[in-house]
Amino acid sequence: MSATTITPQLTLDVSGTKPVPFARLVKVETRKMYDTRAGFWLLAAIAAITLVIITIFFFAAKPEEQTFFNFLGVTATPQGFLLPVLGILLITSEWGQRTTLTTFALNPKRGRVIWAKVCAALLFGLGAIVIAVGLAALATLIAGQPGGWDNVGLDDFGKFGLLQIMGIIGGLAFGLIFLNSAAAIVISFVVPIAFSIVASLWGALEKAAPWVDLGTSQPPLYSGDSLSGEQWAQLGTSSLIWIVLPFLAGLWRVMRAEVK
Amino acid sequence: MITVEGLTRSYGDFIAVDNVSFACKPGTVTGFLGPNGAGKTTTMRIMVGLTSPSRGTVTIGGLKYADIPNPGRHVGVLLDASAQHAGRTGREILTIGAQTMGLRKSRVDEMLALVSLSDKEAGRRVRNYSLGMRQRLGIAHALLGDPSVLILDEPANGLDPAGIRWMRGLLRGYAERGGTVLLSSHLLNEVELIADEIVMIGRGRIVAQGTPQELMQTTGTFVRAAENDVLARALSENGLAATPVGDGFRVDADALQIGKITAAAQIPLIELRPADGGLEDLFLELTSDTQRESFEGAVA
């Protein structure tokens, strides 16, 4: 029909096509977290609960307890619950809705997608930390207690950040292994509880707990004390067991999985 | 443009795709035809790297899919229109795709207009879409990056008759501009109408391939005259066996050959056309041992 018939090409000319830059992948993965209702409300819930818990503590705590550290400390627990869920959903919402079919067709190098998700997760984790620190600082200012800012060092922000980042990467790891929201969320919460029950019944395990149980090795990160070399080592081994190894196993699974 | 060579995929003992080879040329629509579960989808998933083959290779324009930079710009893929996040709007899904491929934003509106999804529909969440709307969205997504190759799995599923005609026109035009289209279907009529080349698959194996005309030739020609006995005599004198079918004959010869004979014998014809059933008989026959339903005394 048209006068300009294109001569059939048997090979693709890809010389002018650049690969998708990694930063763009991170941007897209970040967007995917907040462009659905579930994702949006989870993010909103993290911010809202952080605000609520600080407000409650503000009114409930005795004046001498209204320090920056305590304010920041109370945000650690609810955020510690919700950030792993965020990490899990970043992975499993794609599998549950089968959008991986599109995602991996557009990015056949699956590893890059997963790393982009890791970066997106870290950005959200950073956001949660900034909100927690900001609100804690605000509450401390309003309380205006003498000694409210005592013992606050840069390393404390680092330790608090590390704690939340560990949670979110741990969530990603469980998401990658199970590729199913319900299973990943339940197991990531039940296994540590089961572990502490078993440990309390079995003395030998209780002794080893700081080395193998995040629930035992992590509290020093938000207690305000500095960690001993041994405590850092315990944090390292327990993270290896519950975060690094699951992440690698999950990554291996996703790289090989048939996407349906 | 798409070259499939010796492709095999097995799951344990089950062989889903068995030594499949075919090629799709630029400027043509290739219909990938087969009953449900014949291995069409598995073959297509292997093409775009979502499933790994047990043996064999697929190249697109001489490249492995994984080696194509920003593949969305070269190969448009629609494997399952329902595999979209139900909580995203149609527009958001296209926006994510456009952002991944690095396209300008206006491309999303262009594609929505192309597949006739209104602004209002594009703003609805996909969970509220009909299957037909999802197909349109999926086709829009496949065309986003202005690719030169299209791989579409059952794109007509869920479209209404007008929608199917629209899609036919769209893909025809796309092929005429030099594009390569591979589309799968389990519906023969659909493929017959649109495809330049047909690849028929059953139980993981290719059972026939060629142009619709080539495949039809094997079924013979139907011919009918006012004086059928004269016609039968003329045919047999020329060494052609005529099988009575209805009020005419089925002859294993092409229409031109029969036309020449009857013209020479001055027999006025009422009908001269490809024999009834055509591709459908062929399709059922070729895939008979791969069907779930059995016909005419086949042992169940």
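Naming: A, B, ... by sequence-line order, numbering from 1 per chain.
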> Once the angle between the rings of A/F174 and A/W242 is folded into 0 to 90°, is it parallel (under 30°), tilted (30 to 60°) or perpendicular (over 60°)?
Replying inline: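 Taking A/W242 first and then A/F174, their aromatic rings lie parallel (interplane angle under 30°).
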> Looking only at atom types and distance, does a side-chain atom of A/Q164 sit under 3.5 Å from a main-chain N or O of A/G161, one as donor and one as acceptor?
Replying inline: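 Such a contact is absent between A/Q164 side chain and A/G161 backbone.
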> When you measure from the centre of the six-membered ring of B/Y174, is the NZ or CZ of B/R172 under 6.0 Å away and within 45° of the axis?
Replying inline: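 Checked: cation-pi criterion not met.
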> Under a 4.5 Å heavy-atom cutoff, which of A/R110, A/Q97, A/K18, A/K109 has the most pairs with chain B?
Replying inline: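 When all of A/R110, A/Q97, A/K18, A/K109 are compared, A/Q97 has the most.
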> Do you know which of A/T100, A/V20, A/N107 has the most heavy-atom pairs with chain B at a distance under 4.5 angstrom?
Replying inline: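 Ranked by heavy-atom pairs under 4.5 Å with chain B, first place is A/V20.
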Identify which part of [X] has an atom lying under 4.5 Å from any heavy atom of chain A, answering side chain, backbone, both or neither.
| X | answer |
| --- | --- |
| B/T3 | neither |
| B/I60 | both |
| B/T100 | both |

Among [options], which has the most heavy-atom pairs under 4.5 Å with chain A?
| options | result |
| --- | --- |
| B/H141, B/H85, B/K25, B/R45 | B/H85 |
| B/G62, B/G49, B/P71 | B/P71 |
| B/Q84, B/M101, B/H74 | B/H74 |

>> Regarding B/R124 and B/E121, does a basic nitrogen lie under 4.0 Å from an acidic carboxylate oxygen?
In response: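 Not counted as a salt bridge, because no side-chain N and carboxylate O are separated by less than 4.0 Å.
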> Any side-chain donor-acceptor pair under 3.5 Å between B/Q135 and B/Y129?
Replying inline: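 The answer is no; no qualifying pair exists.
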> Could you give the distance from CG (B/L79) to CE (B/M47), rounded to the nearest 0.5 Å?
Replying inline: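 If we round to the nearest 0.5 Å, B/L79:CG and B/M47:CE are 10.0 Å apart.
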> OG/B/S10 to CD1/B/I15 distance, rounded to the nearest 0.5 angstrom?
Replying inline: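 So the OG of B/S10 and the CD1 of B/I15 are separated by 6.0 Å.
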> Using non-hydrogen atoms only, which part of A/A257 is less than 4.5 Å away from chain B: side chain, backbone, both, or neither?
Replying inline: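 A/A257 touches chain B through backbone heavy atoms alone.
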> At a heavy-atom separation under 4.5 Å, does A/T102 approach chain B through its side chain, its backbone, both, or neither?
Replying inline: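 The side chain, not the backbone.
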